[in-house]
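Reading through the structure tokens given below for one structure.
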Amino acid sequence: MRRAGKQLPRKFYDRPTLDVARDLLGKVLVHRRRGAVTSGAIVEVEAYIGESDPACHAAPGRTRRNEPLYGPPGHAYVYLNYGIHCLVNVVTEAHDSPAAVLIRALDPLNGVATMKRRRGRTVKTEGLCRGPGNLTMAMGITLAENRLDLLGDRLFIEDRGLKPGRIVWGPRIGISSGREHP
DNA sequence: AGCAAGATTAGC
DNA sequence: CTAATCTTGCTA
């Protein structure tokens, strides 16, 4: 199969979560489903690290849902939030070390028409993948993609040599506690 | 068994 | 600002 860029190696994810989060910016998330390919450059992420982070899903300890967080790095952790939206995370760090990077926004590259169809036609291209719930809808990512290996052929992240612009840190969005870590 | 809250979004 | 809607964790 021809790839526009090179797939990130397992090693990439097996590092401190903040480093992974920073390096993820500008990388390209690709999802292949039934032959349709959608992809977008990652432009906004959030890091959730460990049981000491009150906003992290691993905070209350290990549960059935957050179990992928404890697994090996380089896997997808997709979960249903508010019963409506699927949020996609990239699991980082070693086995038994729960940490992940939440992907909040993409810059659409391939499959824009497909994304628009999935979102309904009222959406502009720029708004297609803005917001964690919206981007999963546009990419067609659901609970079925939970625990997928990012080194597989279906869902993965590649480096197309894009240079991220200025990187900005800010408070994490949409949570009520644990805002002290940008 | 029942209840409240959550990494959200769309609509008034 | 509020509803929609599901999983989880706590309390009785």
Side-chain angles (χ1 to χ4, degrees), chain A residues 13 15-27 29 31 38 40-93 96-108 111-112 114-148 150 155 157 167-182:
Chain A
Y13 307 100
R15 295 184 298 150
T17 303
L18 289 178
D19 290 347
V20 177
R22 182 199 56 211
D23 292 344
L24 230 32
L25 293 170
K27 298 297 185 293
L29 177 68
H31 184 215
T38 48
I42 298 171
V43 295
E44 189 178 353
V45 296
E46 267 177 26
Y48 290 90
I49 309 169
E51 298 178 353
S52 57
D53 183 348
C56 181
H57 272 184
R62 197 173 193 142
T63 68
R64 189 166 163 202
R65 186 171 61 166
N66 67 26
E67 201 249 319
L69 289 176
Y70 292 81
H75 284 246
Y77 168 49
V78 183
Y79 97 98
L80 194 59
N81 166 263
Y82 290 90
I84 322 176
H85 304 286
C86 298
L87 308 198
V88 56
N89 296 249
V90 173
V91 177
T92 61
E93 303 195 24
D96 287 335
S97 176
V101 177
L102 167 69
I103 299 177
R104 295 193 58 84
L106 302 176
D107 192 10
V112 175
T114 305
M115 296 190 198
K116 278 188 178 165
R117 197 176 323 127
R118 290 203 267 243
R119 291 292 316 276
R121 59 175 95 68
T122 60
V123 194
K124 294 183 186 171
T125 303
E126 310 88 59
L128 263 183
C129 297
R130 190 172 64 193
N134 288 333
L135 84 87
T136 53
M137 186 184 303
M139 296 284 292
I141 296 174
T142 66
L143 288 182
E145 276 70 38
N146 195 16
R147 313 173 69 140
L148 275 189
L150 293 179
L155 181 64
I157 300 175
I167 296 180
V168 180
W169 274 261
R172 293 182 294 182
I173 301 172
I175 55 178
S176 49
S177 61
R179 292 184 192 236
E180 64 274 18
H181 299 292

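All heavy atoms count here, side chains included; hydrogens, waters and symmetry mates do not. Sequence lines set the chain letters: A, B, ... in the order given, protein chains first and strands last, and positions in each chain run from 1.
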Completion exercise
To the nearest angstrom, the CG-C1' distance between A/N81 and C/dA4 comes to 12 Å
Completion exercise
Separation of C/dC6 atom P from A/N146 atom CG, nearest Å, is 17 Å
Practice task
Answer with base, sugar-phosphate or nothing: what part of the nucleic acid does A/L102 contact at a heavy-atom distance below 4.0 Å?
Solution key: base
Practice task
Of all the heavy-atom pairs spanning A/N146 and A/Y77, show the shortest one and how long it is.
Solution key: OD1-CA, 3.5 Å
Problem - Length of the line joining A/H57:NE2 and C/dT7:C1', which is rounded to integer Å - result: 10 Å
Handout entry: Nearest-Å distance for atom pair CG/P, residues A/L69 and C/dT8
Key = 13 Å
Handout entry: Base-pair map of DNA chain B as dot-bracket, where | denotes pairing with a different strand and pairs are Watson-Crick or G-U under 3.5 Å
Key = ||||||.||||.
Exercise for the section: Measure across A/L143 and A/C86 and return the closest heavy-atom pair with its distance rounded to 0.1 Å. Expected result: N-SG, 4.2 Å
Practice task
Using the side-chain hydrogen bond (donor to acceptor under 3.5 Å, both in side chains) rule, pick out the option among A/R65, A/H57, A/H85 that qualifies with A/Y79.
Solution key: A/H57
Handout entry: Nearest-nucleotide pick for A/N89, side chain only, options being B/dA7, C/dA4, B/dT9
Key = B/dA7
Handout entry: d(CG, A/L143; C1', B/dA7) in whole Å
Key = 15 Å
Practice task
Have a look at A/R62 and say if it touches a base, only the backbone sugar-phosphate, or nothing, with a 4.0 Å heavy-atom cut-off.
Solution key: nothing
Problem - Any donor-acceptor N/O pair under 3.5 Å between B/dA7 base and A/H85 side chain - result: no
Handout entry: Near-parallel close stack of A/Y48 and B/dA7 base (under 5.5 Å, under 30°)
Key = yes
Practice task
Specify the separation, in whole Å, of atom CD of A/E46 and atom P of B/dT8.
Solution key: 8 Å
Exercise for the section: State whether the number of non-hydrogen atoms from other residues, nucleotides or ligands found under 6.0 Å of A/R118 atom CZ is greater than 12. Expected result: yes
Practice task
Look at all strands and tell whether A/N66 reaches a base, only sugar-phosphate, or nothing, counting heavy atoms closer than 4.0 Å.
Solution key: nothing
Practice task
For the side chain of A/L87, starting at C-beta, report the closest nucleotide among B/dT9, B/dA7, C/dT8.
Solution key: B/dA7
Completion exercise
Between the CG atom in A/L155 and the CD1 atom in A/I141, the distance rounded to the nearest 0.5 Å is 5.0 Å
Problem - P-based separation of B/dC12 from C/dT5 [nearest Å] - result: 16 Å
Fill in the blank from the handout: Winner on side-chain proximity to A/R65, out of C/dA4, B/dT8, C/dT7, is C/dT7
Problem - Stepwise side chain to side chain contact (heavy atoms under 4.5 Å, CB included) test for A/V101 and A/T17 - result: CA-CA 7 Å; A/V101 177; A/T17 303; 3.7 Å; yes
Practice task
Could you work out which one of B/dA7, C/dC6, B/dA10 sits closest to the side chain of A/Y77?
Solution key: B/dA7
